[in-house]
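Down below is the structure, laid out as structure tokens.
Being a predicted model, the structure only gives us computed values, none of them experimental.
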Amino acid sequence: MSPSSRPKNDTFLRALLREPVDYTPVWLMRQAGRYLPEYNETRRRAGSFLQLCKNPQLACEVTLQPLSRFELDAAILFSDILTVPDAMGLGLYFAEGEGPRFERPLREEWAIRDLSAPDPNVHLRYVMDAVAEIRRALGNSVPLIGFSGSPWTLASYMVEGGSGSATDYRTIKTMLYDRPDLLHRILEVTATSVTDYLNAQIESGAQAVMIFDSWGGVLSHAAYREFSLGYMQRIVAGLRREHEGERVPCIVFTKGGGQWLEAIADIGCDAVGLDWTTDLGEARRRVGSRVALQGNLDPMALFASPEKVAVEARRVLDSFGTDGEDRNSGGHVFNLGHGISQFTPPENVKVLVDTVHSHSRRGFARV
């Protein structure tokens with residue numbers, strides 16, 4: 001890495017690339033969010049969640065808030081995965097108590113045939129402006145992560161018309177089995193959109209990118225490979241992997257995807273995210289040196305006492321293990337197995353971050 005563009009703390013990037021590190025880096029999915037009082041105040045000033053996402057200055061403000069509280073090793077762009085389908089003209093809005101909704105879900109064949117990929121530098125300019133502003137504000141202190149939803153996950157929202165977690169996926173799974181041609185059309189356009197979107201984030205300053213396949217785990221074995229994994233592989237193949245003279249690592253995370261770990265590792269990504277249902281040590285044995293691993297504390301563990309939070313953090317670190325190898329070679333980024341809950345006590349997050357750093361430093365020193 002060149003001195004001009006390397007973050008002062010590049011431990012996160014080194015771990016993703018399986019390079020030597022002094023400790024295990026940590027960041028948290030949804031680390032800028034409702035569990036922080038300062039975030040809620042900024043969101044109140046913005047007027048709504050969507051207005052917060054579309055205001056680059058306020059998006060920068062909330063991105064930096066958790067880094068002011070905790071010694072995190074990376075910042076992640078504050079945005080939402082549904083900005084892409086919103087830019088496709090589906091009319092995103094957030095209903096109180098119901099989560100995200102679309103005014104025009106994809107149900108009609110003509111609408112699916114007319115679907116087109118937006119220009120991220122035009123229709124999602126506010127995201128690129130936020131990325132650039134966050135990079136400036138970080139002053140190269142820690143890396144900035146850009147992200148997008150996976151085509152399958154985005155399509156689940158686009159077809160169902162709202163939050164996939166609140167449905168049985170009946171509408172999109174009916175399309176999957178009855179009219180796979182229509183679903184493939186949605187996924188093809190969405191894969192192009194996500195590739196363009198992530199590349200635009202990289203051009204704007206994102207130093208790593210992550211694909212969130214939040215709903216991939218609801219698919220059958222065969223359907224996962226055809227309707228989720230295959231499209232993520234297309235995206236990874238189309239990503240810019242270097243910018244500003246630096247490697248730009250890519251993380252792929254399928255919630256509930258532990259059974260497909262080897263297949264995910266083979267699509268060309270640098271790291272695979274794991275939820276809490278997969279043992280890290282077993283996962284490491286399964287993938288060997290092909291990819292780094294990210295994860296995987298159960299977010300609910302953060303509701304335990306501070307002492308138990310520390311115990312669980314150490315357990316995750318120890319589960320990654322050494323297997324007789326030099327653990328300082330990196331390959332593990334500590335994270336939760338999914339996004340942090342809005343009800344999480346912030347003081348427990350500090351215990352978690354501090355424990356990850358202190359325990360992993362001691363572990364590396366013993367090797």
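- Under the 4.0 Å criterion applied to side-chain N and carboxylate O atoms, Arg44 and Glu41 are assigned as salt-bridge partners.
- One finds no salt bridge joining Arg247 and Glu19 here, because no Lys/Arg side-chain nitrogen approaches an Asp/Glu carboxylate oxygen to under 4.0 Å.
- Of the possible polar contacts, one joining the Asn335 side chain to the Met29 backbone as a donor-acceptor pair under 3.5 Å is found.
- Under the 4.0 Å criterion applied to side-chain N and carboxylate O atoms, Asp270 and Arg241 are assigned as salt-bridge partners.
- A side chain to side chain contact (heavy atoms under 4.5 Å, CB included) with Lys54 is found for exactly one of Asp86, Val127, Asp80, namely Asp86.
- Side-chain atoms of Asp73 and Thr11 form no donor-acceptor pair, as typed in the model, at a separation below 3.5 Å.
- Applying the side chain to side chain contact (heavy atoms under 4.5 Å, CB included) test between Gln207 and each of Arg135, Arg6, Glu246 identifies Arg135 as the sole match.
- The aromatic rings of Tyr35 and Phe70 sit parallel to each other, their planes meeting at less than 30°, with 60° as the upper class boundary.
- There is a side-chain donor-acceptor pair under 3.5 Å between His184 and Tyr231.
- Stacking of Arg284 on the aromatic ring of Phe320 is recorded, both the 6.0 Å distance cut-off and the 45° axial limit being met.
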Step-by-step salt bridge (charged side-chain N to carboxylate O under 4.0 Å, His left out) determination, Arg113 to Asp181: CA-CA 10 Å; Arg113 298 296 179 197; Asp181 58 315; 3.3 Å; yes

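- Taking 4.5 Å as the limit, some side-chain heavy atom of Pro100 sits within range of a side-chain heavy atom of Tyr157.
- Salt bridge annotation for Asp318-Arg314: absent, with no cationic side-chain nitrogen under 4.0 angstrom from a carboxylate oxygen.
- Between the side chains of His221 and Trp260, at least one donor N or O sits under 3.5 Å from an acceptor N or O.
- In terms of heavy-atom proximity, Arg69 sits nearest to Pro346 at NH1-CB, 3.6 Å.
- Of the N and O atoms on the side chains of Tyr224 and Thr254, at least one donor lies less than 3.5 Å from an acceptor on the other residue.
- Between the side chains of Tyr197 and Thr83, at least one donor-acceptor pair of N or O atoms lies under 3.5 Å.
- For Arg315 and Glu312, the salt-bridge test passes: some basic side-chain N is under 4.0 Å from an acidic carboxylate O.
- Within a 6.0 Å radius of CD in Glu71, other residues, nucleotides and ligands contribute 12 heavy atoms or fewer.
- Here the OG atom belonging to Ser360 is positioned 9.5 Å from the CZ atom belonging to Phe334, to the nearest 0.5 angstrom.
- Side chain of Asn199 to main chain of Arg240: a donor-acceptor pair is present (N/O by atom type, distance under 3.5 Å, no hydrogens or angles).
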